[in-house]
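First the structure, in the form of structure tokens, and then the observations on it.
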Amino acid sequence: MTSQAFYEELQGVLKKYPVKQSAVLEALYILQRDKNYLSDEDIHTAAEALEMTVTEVQAIVGFYSLFRRQPTGKYLIQVCTDLPCALRGADAFYRRLCERLGLPPEGGTTADGLFTVEEVVCLAACDRAPVAQINLQYFEHLTDQAMDAVIARLREQG
Ligand code: FES
């Protein structure tokens, strides 16, 4: 998105809010929407447009896990490997998933940029592990086979 396009869209957004700063989440959403992460330039753009400091914007971005600071695949696969899930095999499930996607054991983004895989802490579905959240949709009681089917379907969607 060009900065001109951003400023044009932001004008419409600002009409909904009493003060510019109140629009910060929506402004950041717009800046992240196309490329799936926020660059340093985006942070500065938001700060300037909303008359905030860069530190204030960074604090907000850091608080919300849906804002990404690194290039992220179209599909963000977050697998809970916290202790209760690890006891149900989620840890090993995660490593096998990374291996099948050609990623290092700690996760990362596939070469085609389609999938980013990362470990997260409790997704509040401890009794349904292994559990993954993919772009906010939950997949529970996962097996390798079930996960591969989900990935194949997402690959088809592109
Ligand atoms: S510990 Fe994994 S969902 Fe709660």
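Whatever order the structure lists them in is the order used to number ligands and atoms, beginning at 1.
Distances from atom 4 (Fe) of ligand 1 show that Cys122 has an N/O/S atom below 2.8 Å.
Within the 3.5 Å criterion, the main-chain N or O of Phe115 finds a donor-acceptor partner in the side chain of Thr110.
A cation-pi arrangement is not found for Lys20 relative to Tyr17, the charged atom failing to lie both closer than 6.0 Å to the ring centre and inside a 45° cone about the ring normal.
Using a 4.0 Å cut-off to heavy atoms of Cys80, the atoms of ligand 1 that qualify are 1 (S), 2 (Fe), 3 (S). Counting atoms of ligand 1 from 1 in the listed order, those under 4.0 Å from a heavy atom of Asp82 are 1 (S). Ligand 1 places these atoms under 4.0 Å from at least one heavy atom of Pro84: 1 (S).
Defined by atom type and a distance below 3.5 Å, a donor-acceptor pair is missing between the side-chain atoms of Thr45 and Asp42. With no hydrogens or angles considered, a side-chain donor-acceptor pair links Gln4 and Glu8 at under 3.5 Å.
Nearest-heavy-atom check against atom 4 (Fe) of ligand 1 across Ala125, Ala86, Cys126, Ala124 picks out Cys126.
Within 6.0 Å of CZ on Phe67 lie more than 12 heavy atoms contributed by other residues, nucleotides or ligands.
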